[in-house]
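Computed from a predicted structure; not experimentally measured.
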Amino acid sequence: MHPEPFPEPSVVQARLAARNPGLDTSAMPVVALLKRAIGQLDRALEPVYEGAELTAPELDLLIPMRDLGRPVIARRLAEHRHMSRAGISKALAKLEKRGFVERAPSPADRRASLVWVTDAGKAALDALFPKQVAVESTLLAGLGEDRERVLEALSILDEVFERATRT
């Protein structure tokens with residue numbers, strides 16, 4: 001006997017709308033597809049991060065810092081990554097404790113801290129990032145001619161989110 005399948009997102013959407021008249025459920029199909037795609041990407045990347053020195057979010061944090069090539073104010077990094085100051089501070093403290101970043105007070109503003117990637121952080125990035133990109137390239141190879149349309153749609157979505165979350 002096979003277990004009963006979970007309802008399709010459209011069924012969940014219809015049921016929620018029926019239980020909550022007046023609720024705009026139009027975002028649900030978009031969000032469901034995003035979550036599904038992100039889940040598949042995360043699952044495909046799991047072997048890359050198994051036993052790695054960095055987690056995927058840590059790698060995503062270190063990449064722009066390294067490519068900037070100079071110390072950056074932690075607050076600016078938080079803005080770039082769409083993270084709270086508390087979240088970025090916590091993430092940087094973990095990375096600093098393991099020797100992947102260093103922090104120092106900013107000479108221009110003692111309330112701000114400058115952060116940069118250490119040689120150990122660069123080595124960890126060099127060991128991991130190419131593996132991640134290889135997996136991502138394999139996953140997306142099937143897009144073919146649709147690649148530009150997908151990039152355009154995702155860019156539109158990013159712009160819509162950006163406008164909606166501006167404070």
Side-chain angles (χ1 to χ4, degrees), residues 6 8-10 12 27-104 106 112-167:
F6 286 100
E8 290 295 318
S10 60
V12 174
M28 290 180 69
V30 174
V31 173
L33 281 171
L34 281 172
K35 288 181 176 182
R36 180 177 163 85
I38 290 167
Q40 291 176 28
L41 175 62
D42 289 346
R43 197 167 33 258
L45 289 173
E46 280 177 5
V48 171
Y49 287 95
E50 198 170 295
E53 291 183 281
L54 298 169
T55 65
E58 289 172 337
L59 183 85
D60 290 341
L61 187 60
L62 291 176
I63 291 166
M65 290 173 53
R66 180 194 188 160
D67 288 337
L68 188 60
R70 59 182 167 72
V72 63
I73 294 174
R75 179 182 63 248
R76 186 164 169 243
L77 183 61
E79 292 166 359
H80 173 74
R81 297 293 309 149
H82 301 282
M83 294 175 70
S84 69
R85 289 182 187 176
I88 203 77
S89 181
K90 185 176 178 180
L92 290 173
K94 288 180 180 180
L95 289 165
E96 184 178 30
K97 185 176 182 180
R98 295 182 357 248
F100 296 130
V101 300
E102 289 185 13
R103 290 192 285 185
S106 170
S113 65
L114 292 173
V115 61
W116 61 94
V117 181
T118 64
D119 288 342
K122 291 174 185 175
L125 279 170
D126 289 342
L128 200 53
F129 192 38
K131 294 175 185 176
Q132 176 179 312
V133 170
V135 170
E136 293 166 344
S137 294
T138 299
L139 285 175
L140 296 174
L143 280 177
E145 295 176 11
D146 290 329
R147 181 179 299 271
E148 289 306 314
R149 287 185 333 136
V150 169
L151 284 170
E152 184 178 330
L154 289 171
S155 293
I156 291 168
L157 186 62
D158 182 53
E159 290 170 17
V160 167
F161 281 4
E162 186 70 31
R163 282 194 307 267
T165 59
R166 277 193 196 127
T167 53

Pairs of donor and acceptor atoms involving the side chains of residues 34-41, under 3.5 Å and at least two apart or interchain, shall be tabulated with distances.
none

Atom pairs and distances, donor-acceptor, side-chain atoms in residues 138-154, under 3.5 Å, two or more places apart:
| unit_1 | atom_1 | unit_2 | atom_2 | d |
| --- | --- | --- | --- | --- |
| T138 | OG1 | A134 | O | 3.0 |
| D146 | OD1 | R149 | NE | 3.4 |
| D146 | OD1 | R149 | NH2 | 3.4 |
| R147 | NH2 | L140 | O | 3.2 |

Test side chain to side chain contact (heavy atoms under 4.5 Å, CB included) on V72 and V115 and set out the steps. CA-CA 5 Å; V72 63; V115 61; 3.7 Å; yes
Show, in sequence, the C-alpha distance, side-chain angles and deciding distance for R70 and L114, and conclude whether the side chain to side chain contact (heavy atoms under 4.5 Å, CB included) test is met. CA-CA 9 Å; R70 59 182 167 72; L114 292 173; over 6 Å; no
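Test L125, D119, L95, V117 against F100 for side-chain contact (heavy atoms from CB on, under 4.5 Å) and you get one pass: L95.
E79 meets the side-chain hydrogen bond (donor to acceptor under 3.5 Å, both in side chains) test with no other residue; sequence neighbours excluded. When the side-chain contact (heavy atoms from CB on, under 4.5 Å) test is applied to T55, the partners found at least two apart in sequence or on another chain are P57, E58. Remark: A78 engages I88 in a side-chain contact (heavy atoms from CB on, under 4.5 Å) (not counting sequence neighbours). When the side-chain contact (heavy atoms from CB on, under 4.5 Å) test is applied to E159, the partners found at least two apart in sequence or on another chain are R163. Judged as a salt bridge (charged side-chain N to carboxylate O under 4.0 Å, His left out), and not counting sequence neighbours, the contacts of R103 are E96. For A112, the side-chain contact (heavy atoms from CB on, under 4.5 Å) partners two or more places apart in sequence, or in a different chain, are I73, R75, S106, D109.
At a threshold of 4.5 Å between non-hydrogen side-chain atoms, the residues L92 and L77 count as touching. In this structure the side chain of L128 reaches within 4.5 angstrom of the side chain of Y49, judged on heavy atoms.
Using modelled atom types, no side-chain atom of S89 and backbone atom of R85 make a donor-acceptor pair closer than 3.5 Å.
Judged as a salt bridge (Lys or Arg N to Asp or Glu O under 4.0 Å), not a single pair has a partner in residues 44-55 (not counting sequence neighbours). For the salt bridge (Lys or Arg N to Asp or Glu O under 4.0 Å) condition, the pairs that include at least one residue of residues 120-134, sequence neighbours left out, are R66-D126.
For the atom pair CG of L59 and CD of Q132, the computed distance is 5.0 Å after rounding to the nearest 0.5 Å. Note that the CE atom of M65 and the NE2 atom of H80 stand 11.0 Å from one another [nearest 0.5 Å]. For the atom pair CG (L68) and CH2 (W116), the distance works out to 13.5 Å, reported to the nearest 0.5 Å.
Nearest heavy-atom pair, R43 versus P47, reported as atom, atom and distance to 0.1 Å: O-CD, 3.7 Å. Between T118 and G99, the closest heavy-atom pair is OG1-O, 2.6 Å.
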